[in-house]
Each structure stands twice: as structure tokens, then as C-alpha cells.
Amino acid sequence: MNGAQALIRTLVASGVDVCFTNPGTSEMHFVAALDSVPEMRGALGLFEGVVTGAADGYGRMADKPAATLLHLGPGLGNGLANLHNARRARTPLVNIVGDHATYHAEHDAPLQSDIESAARNVSGWVRTTRTTTDVALDAADAVSSALGPPGHVATLILPADVSWAEGSQPAEPRAPVPRTAVADDVVDAVAKVLVSGEPSALLVGGSATREPGLVAASRVANATGAKLLGETFPARLQRGAGRPPLERLGYLAEFMTAQLDGLRHLVLVDAKAPVSFFAYPEKPSYLVPDGCQVYVLAAGADDAVGALQHLADVVGIAEPTLQPAHRPERPTGDLTGEAVADAIGALLPENAIVSDEANTAGLWIAAATAGAPPHDSLTLTGGAIGQGLPAATGAAVACPDRKVLCLEADGSAMYTLQALWTQAREGLDVTTVIFNNRSYAILNLELSRVGAESTGPKAHDMLDLSRPDLDFAALAQGMGVPAARATTADELYAELEHGLALPGPYLVDAVLAPRL
Ligand SMILES: Cc1ncc(C[n+]2csc(CCOP(=O)(O)OP(=O)(O)O)c2C)c(N)n1
Ligand SMILES: [Mg+2]
């Protein structure tokens, strides 16, 4: 057995049976080995940002890693933005990067580069395999460190001669590592603060934004009067009718400041203390109010959900608040962001996965879908755009029985639009709505907020996506995804209904009415 075969067999034995690939010459033995290990599914992405974003979406939904296969330093570089989002989401991900044969490196051939340095920035674990006898053990280590807890991007660099040499054999999977129980005295100390009656809040993130964590957090909030807040961009938020609603911190510092105003105690549950996304002249970066004490209930490898459940039992008996079922009316008239949100709220299928990169035009979605049937929402954890379409693709591979709805802003869509081709080829059940406002709208807002002076036509031209207008229905059709354009609320509703009823991919280009 050669190194590549032993590697893939080890991955499969460790539970990793999907590999998103964009290979090159140095990865040909890995590609060839896919045929000798039928349990491993290969899915081709036509740009590395699709590959890494799909692996992120997969890992968030499957709670186990997918593998990637990338081509040397440049391939890794193309995939970095979505690995950055995966790192922020603490997604388990085995990132395999092919390299030149070990003895070829000294010749500094054109594709030679320092892969480890590029990988370290986004990876919790980096290793270059040196010999074919090590490759399977390294693969088992990579899966183990990807799984954590918490999850990591684990980058395994695979020289071509390690792949092709014979004499390897698969390694045993590593035993899973459980999360660490939070000590009683930590829970008791937080309980004491929360029952003090002083203005307090719980800020939940990471592993605590799924139903069990939110139920426990809501019980704590109701027993103590503490406010329940969520991080701005959760990796995977479970929401909808019958689940505790979660007020997420706003993206804009002004909103966050208002939400935190007056607090004396802030308890972090697998979340970071709130900071402004960017620095603005004369504005604070750290947004915890003066005089507010910060406490960490759980972080990193801690069992945040167990800690919340323990806390709920300590602070007294209370039921969680559960969101009542409610859907908006079918929208009509102009195609505004509000109308798209109402159509989504009216039509969202039960147990859907929403990959949300709708950005400014998606402002109304959270409210419009709050009482929709239960669903999972995946958001832009690291702020690196071009994530929504690939993440939807990976989520659909992970959960073939669930409908995936991808809500995608036009500018962000153009970074990784090739994900549509993978959706078509793999027959994935993803309905995409493009929020086509022909603009980098958020940057128009930021232009004034950063205090940039006297912005003229050249500056605005850098943030404008017209001239020419993008035709997303044509682009989708060109990649094998059936699609239509909608210019009114009625058309959008009908197209969305049609797309959601189809078993495969579909795209609606929602051409939004200009905002006055
Ligand atoms: C990888 C990366 N490149 C660039 C940016 C800077 N950026 C932030 S938002 C944005 C434009 C977003 O436009 P669009 O997706 O159409 O959303 P809209 O603002 O119109 O709602 C850009 C370029 C980024 N966040 N990430
Ligand atoms: Mg836009």
C-alpha cells in the first residue's frame, strides 16, 4: 500500500469520509488512491475558497471533519480566507496540502514555497509528513487535533514522494477527547453574581448556541433576570419556533454599546468579550461598559452546555422562554430587503439549514424567520466574505436529507460563485437567493463611519457593482444550476417556492429595488 492509500484509509477509519479537492500534479497519487478506497467521497471544487468553505460548512453540520486537498502554497493561499472563517468557527477540518517530493525542495522549483508559514496563521495544528511510514499516524493525529475540543483546522502537508512510496499501512483512529467539566466553584461564583439582582447578562457563543445550551441559558436568564445575548456571528445557531430566541449582538459598535449599556456583570459562555469589528477614529475598541465585571463560565475545551445546565440547576427553578410559531404574510409590491425576508419567513422549510451571507440586505431576515419552523443558521464567523455559497455546499453534503437555503449578497457571491458548479455536479439540495443590490453597500456605510473625508465619484466607483450589472441567473445556468430573476416581491415569492420544491440546486437572483 502506498502512502496516499494508507492516508485515505486512516481518514476513513477515523470517520473522515468526505474530501473536498482541488488537486495538482503533486497530489496525483492521492487522487488516484480515491478509487482504491470507495468509502471516501471526493467532491471537486473549482477554486480553493470553495473547497475550504465547503469543508467548513460540512464540519459545522456534521460535527466531524471533512478533508480538503489543496495544491501546495498557492492552493492553500487561495483557500485561506475560508480557513480563517473555519478557525473562527472552531470547525473541525483536516486540511491536506500537497507538496513537492522531499528531495525536490532544494531545487526551488516554481511552485516551491513556505507552506507551513502560510498554514500556521489559520491552523491549530500543522505537520509536514517526512516519510511514508509516518503518514498514517500523522493522519490519525490530524483528525484527533481537528476534533479537539474545541475544533481546529489541522493542516497536514503531504510531500509527493510520501504519497507515492510503497510500504505504508493504515493507523488506528485516536480515542475521542471529551470536553472538560467546568469546576463547581466556577459555576457557584457565577451563580452568586447572577442572583445578586444587579444588571447582568449572559453572552453565549461557540458550542453554546445550539438548542441544549440555549435552553439552559434561557432558564438561567429567567431565574435570575439576567439578559441573554448571543455573539454577533455564531458558527451554528439553532433557532425557530419552540426554541429559545437569542438576541445577537449587533455588527455596528453603536448597537453593541446600546445592548450592553448599564450592565454590571457580563458572563461569557464560550464567547469573547465584545469588541468593535474595526477601530474608528475617537471611538472605543473594547465595548464592555466601564464598571462592568467580566466572568468566564466556559471557554476553549470546556463543556459550556454542561456548565449552563449546572448553573441553571443552581440558580433556581425557571422554565426557558420558547419562541412561538409565527410566519410573516406573503409579501407583495416592490422587491425590498424586507420583502425578501418576509418571503423567506413565510416559506422556510422545517429543519432547513440557512447559510447566511446576505449582509446589509439581510437585516430583516432574523426577525422574519424567528417563528419559522426550527432551523440551523450558519454565519460569517471570521468576516472574510465569500463563505456563504461554499458553506451551503458543504452543509448539503453533510446533511443530504435537509433543505439548505443560501442567502447570499451579490458582492460576496462573486468571490466563490463556482460553488454552484459543485452543487450541480453533486446534485445538492441548495436553494440560493442572491441579494442583488449592485453594491458593496456596507462599505458605503463604512466610508462615512470611518470619517473618510470628501468622498468623490472615484471612491464610490470602488464600491459600486453596476456597469455592467451582474446577471446571476445566467451565471448560475452557465454552471448547470437552474435559475431565474425576480424583480418584484410576487416573483420572488413564486421563484423561492419553486426552488424550495425542487430536490436539487436552484438560484433566484433577487434584483432589489434601489433604496432611496
Ligand atoms: C475576504 C474579504 N475581502 C474583502 C472584504 C471587505 N468587504 C467587507 S463587506 C464587502 C462588500 C460586501 O458586499 P456585498 O456582499 O454585496 O454585501 P452588501 O454590503 O451589499 O450588503 C467587502 C468587499 C472582506 N470582508 N473579506
Ligand atoms: Mg451588495
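Nothing here was measured: the structure is a model prediction, and the numbers come from that model. Counting convention: from 1, in listed order, for ligands and their atoms alike. These values consider heavy atoms only, across backbone and side chains, with no hydrogens, waters or symmetry-generated copies.
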**Asked** When you check the gap from the basic side-chain N to the acidic O, do Arg449 and Glu254 get nearer than 4.0 Å?
**Response** yes
**Asked** Would you call Asp342 and Arg327 a salt bridge, taking side-chain N to carboxylate O under 4.0 Å as the test?
**Response** no
**Complete:** Sorted by chain and residue number, the ring-ring contact (aromatic ring centres under 6.0 Å, His included) partners of His100 (sequence neighbours excluded) come out as His104
I need the nearest protein heavy-atom contact for [atom]: residue, atom name and distance, please.
atom: atom 8 (C) of ligand 1; value: Leu443 CD2, 4.1 Å
atom: atom 13 (O) of ligand 1; value: Tyr440 CD2, 3.3 Å
atom: atom 23 (C) of ligand 1; value: Tyr415 OH, 3.5 Å

Using a 4.0 Å cutoff against the non-hydrogen atoms of [X], which atoms of ligand 1 qualify?
X: Ser412; result: 14 (P), 15 (O)
X: Ala384; result: 26 (N)
X: Gly383; result: 24 (C), 25 (N), 26 (N)
X: Gly411; result: 14 (P), 15 (O), 16 (O)
X: Ala441; result: 18 (P), 19 (O), 20 (O)

Verify, without hydrogens or angle tests, whether [X] (side chain) and [Y] (backbone) share a donor-acceptor contact under 3.5 angstrom.
X: Thr336; Y: Ala339; value: yes
X: Ser117; Y: Asp114; value: no
X: Thr381; Y: Asn85; value: yes
X: Thr68; Y: Ile96; value: yes

**Whether over 12 other heavy atoms sit under 6.0 Å from Asn351 CG** = yes
**Prompt:** Centres of the Phe277 and Phe233 rings: under 6.0 Å?
**Reply:** yes
**Message:** At a cut-off of 2.8 Å, what protein N/O/S atoms sit near the Mg ion (ligand 2)?
**Reply:** Asp410 OD1, Asn437 OD1, Ser439 O
**Message:** Does the protein place a non-hydrogen atom closer than 4.0 angstrom to atom 6 (C) of ligand 1?
**Reply:** no
**Prompt:** Does even one non-hydrogen atom of Ser439 get within less than 4.0 Å of ligand 1?
**Reply:** yes
Contacts table for residues 42-56: side-chain donor-acceptor under 3.5 angstrom, sequence neighbours left out:
{"residue": "Glu48", "atom": "OE1", "partner": "Asn78", "partner atom": "ND2", "Å": "3.1"}
{"residue": "Thr52", "atom": "OG1", "partner": "Glu48", "partner atom": "O", "Å": "3.1"}
{"residue": "Thr52", "atom": "OG1", "partner": "Gly79", "partner atom": "O", "Å": "3.0"}
{"residue": "Asp56", "atom": "OD1", "partner": "Arg60", "partner atom": "NE", "Å": "2.9"}
{"residue": "Asp56", "atom": "OD1", "partner": "Thr91", "partner atom": "OG1", "Å": "2.6"}
{"residue": "Asp56", "atom": "OD2", "partner": "Arg60", "partner atom": "NH2", "Å": "2.9"}

**Complete:** Only residue of Val153, Ile157, Asn95 satisfying side-chain contact (heavy atoms from CB on, under 4.5 Å) with Val126 is Ile157
**Complete:** Quick note, salt bridge (charged side-chain N to carboxylate O under 4.0 Å, His left out) partners involving residues 427-441, not counting sequence neighbours, are Lys403-Asp429
**Closest to atom 16 (O) of ligand 1 among Leu512, Ile442, Asp410 (heavy-atom distance)** = Asp410
**Prompt:** For atom 1 (C) of ligand 1, which of Asn359, Thr360, Ile385 has the closest heavy atom?
**Reply:** Ile385
